[in-house]
Enquirer: 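Pasting in a structure now, in structure tokens, and then I'll have a few things to ask.
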Amino acid sequence: MADVELHELVKTYPGGTQRASDAVSLHVADGEFMVLLGPSGCGKTTLLRMIAGLETPDSGQVLIGGRDVTYADPRGRNLSMVFQSYAVFPNKRVADNIGFGLMVAGRPAEEVRRKVEWAADLLALRPYLDRYPAKLSGGQRQRVAVARAIVMDADVLLMDEPLSNLDALLRLSFRAELKKLVGELGTTCIYVTHDQLEALSLGDRVAVMRTGQVAQCGPPTEVYAHPADEFVGGFLGSPPMNFLTGTVTGDGGRLDLGGASLPVPAALRSFAGKPVRLGIRPEGIALGAGLTAELEVLEPLGSSTLLTATLAGQRVKISAPAGFRADPGAELRVALPEDQCRWYDPETQLLLETA
Ligand code: ATP
């Protein structure tokens with residue numbers, strides 16, 4: 001196993017108008033599960049491919065286990081990769097698919113057999129070792145791709161959207177299996193996804209990316225609860241964080257939302273007379289007392305009820321308990337508890353320190 005260090009990695013594709021990787025620096029610790037998360041085109045795959053050696057950066061460095069491999073051949077990096085397209089060989093049985101890399105590497109037949117059986121047991125593929133991929137389900141095929149990657153004893157496992165071809169249920173169960181497996185193996189893992197739930201569920205840390213840069217990197221609970229900027233708050237969460245615009249009163253004590261007001265932290269006194277943005281998660285808004293809001297839409301979601309309401313002329317989403325009932329147009333009382341409020345500079349959209 002090894003750590004991975006990215007230092008100021010820059011990549012612009014020929015004809016590209018902006019950098020696909022814009023001086024990205026990131027350290028992935030030995031044994032860590034790092035998720036690269038972000039919208040389509042933000043540069044996740046480019047970063048992964050530069051780590052794998054499938055793309056050469058314009059500048060910057062990739063270090064694996066302290067060794068500079070920026071320009072090293074992919075085969076010299078001791079990495080395994082799992083792609084979105086399962087990339088299993090249709091004309092090879094499952095056992096031969098799993099053992100393919102080992103055979104190409106010229107490992108003894110006995111070792112190949114032992115490792116194939118070990119991986120097949122871990123991924124519940126033992127009954128299918130003699131089958132061809134055409135006779136497997138999508139989930140089983142994906143497990144073959146993962147098995148093939150883990151038998152290689154690589155220092156680092158790279159995965160690019162490996163679950164995105166699976167249906168929703170299979171994806172959910174395979175996500176948990178994958179988390180357990182990688183945790184048990186203790187391999188350093190870098191995992192690309194645009195699915196925020198997958199990122200939060202799997203990552204020891206999540207690097208949220210935007211236009212070739214890492215907007216925030218931290219443990220899932222931290223990036224979710226304390227988004228470093230409005231982009232991260234708006235990208236993570238379903239529905240995303242609510243943002244309300246108001247003006248801090250002249251004495252610096254309250255936020256005036258125009259028709260409603262609430263206290264602001266003392267640290268925001270310097271914003272007296274100026275606008276700030278208040279960010280709050282739908283589940284952070286408490287129902288029952290406080291400001292007045294008008295219900296627009298009520299959506300029962302099974303385990304909770306999603307409310308769309310208007311608060312001081314601004315639209316908010318509120319997560320209410322399952323079974324919550326009210327008619328559109330009804331008056332709601334909502335509280336925005338201080339510990340649930342995050343404050344953003346409207347110019348920079350960056351989180352303001354209030355502690
Ligand atoms: P997705 O989630 O859609 O796969 P991504 O976050 O992985 O997206 P990349 O595939 O890394 O994003 O692409 C980053 C940017 O680089 C995009 O603007 C994309 O159009 C561009 N790009 C990627 N590959 C190439 C290429 N081979 N040639 C030219 N431009 C490319």
Side-chain angles (χ1 to χ4, degrees), residues 4-28 33-62 64 69-71 73-74 77 79-87 138 142 145-146 149 156-168 171-172 174-175 178 188-203 205-218 220 223-224 227-238 240:
V4 177
E5 173 109 44
L6 310 181
H7 185 66
E8 301 269 319
L9 275 184
V10 173
K11 175 78 187 174
T12 310
Y13 289 103
T17 48
Q18 63 187 35
R19 289 174 165 185
S21 177
D22 191 2
V24 172
S25 295
L26 193 66
H27 180 249
V28 185
F33 198 128
M34 172 68 79
V35 177
L36 307 178
L37 171 73
S40 183
C42 71
K44 308 177 293 290
T45 297
T46 299
L47 212 52
L48 204 70
R49 288 175 63 83
M50 287 193 287
I51 299 167
L54 301 172
E55 232 32 278
T56 309
D58 303 339
S59 60
Q61 284 176 304
V62 178
I64 298 178
V69 295
T70 317
Y71 303 104
D73 189 84
R77 299 185 182 210
L79 305 162
S80 278
M81 211 164 161
V82 182
F83 297 94
Q84 173 181 357
S85 55
Y86 314 127
Q142 190 56 291
V146 172
V156 182
L157 198 53
L158 304 177
M159 300 201 193
D160 194 352
E161 307 249 12
L163 307 187
S164 57
N165 283 345
L166 306 181
D167 71 42
R171 202 175 165 132
L172 207 62
F174 196 47
R175 189 174 80 196
L178 193 65
T188 309
C189 183
I190 305 178
Y191 186 104
V192 161
T193 183
H194 62 266
D195 180 326
Q196 40 140 342
L197 276 183
E198 213 165 280
L200 294 174
S201 127
L202 289 171
R205 280 190 301 156
V206 178
V208 186
M209 294 188 64
R210 172 189 38 188
T211 53
Q213 295 183 333
V214 175
Q216 184 174 9
C217 181
V223 290
Y224 185 80
D229 61 23
E230 290 192 22
F231 166 79
V232 176
F235 189 74
L236 281 179
S238 178

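All ligand and atom numbering here is 1-based and tracks the order in the structure.
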Enquirer: Which residues pass the side-chain hydrogen bond (donor to acceptor under 3.5 Å, both in side chains) test with His194, not counting sequence neighbours?
Expert: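 Once residues adjacent in sequence are excluded, the partners of His194 under the side-chain hydrogen bond (donor to acceptor under 3.5 Å, both in side chains) criterion are Glu161.
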
Enquirer: Checking Thr12 against Arg19: is there a side-chain donor and acceptor pair closer than 3.5 Å?
Expert: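 Side chains of Arg19 and Thr12: no pair found under 3.5 Å.
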
Enquirer: Salt-bridged, Asp22 to Lys11, with N to O below 4.0 Å?
Expert: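 So Asp22 does not pair with Lys11 through a salt bridge.
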
Enquirer: Would Leu158 and Val82 count as a side chain to side chain contact (heavy atoms under 4.5 Å, CB included) if you check the C-alpha gap in whole Å, the side-chain angles of each, and the deciding distance to 0.1 Å?
Expert: CA-CA 6 Å; Leu158 304 177; Val82 182; over 6 Å; no

Enquirer: As a test of reading the model: which residues have a non-hydrogen atom less than 4.0 Å away from ligand 1?
Expert: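 Only Tyr13, Ala20, Pro39, Ser40, Gly41, Cys42, Gly43, Lys44, Thr45, Thr46, Glu161 have heavy atoms that fall under 4.0 Å of ligand 1, ordered by chain and number.
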
Enquirer: Indicate yes or no: at least one non-hydrogen side-chain atom of Thr188 is less than 4.5 angstrom from one of Leu157.
Expert: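 No, too far: nothing below the 4.5 Å cut-off.
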
Enquirer: With a 4.0 Å cut-off on N to O distance, would you call Asp160 and Lys44 a salt bridge?
Expert: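 Salt bridge: no.
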
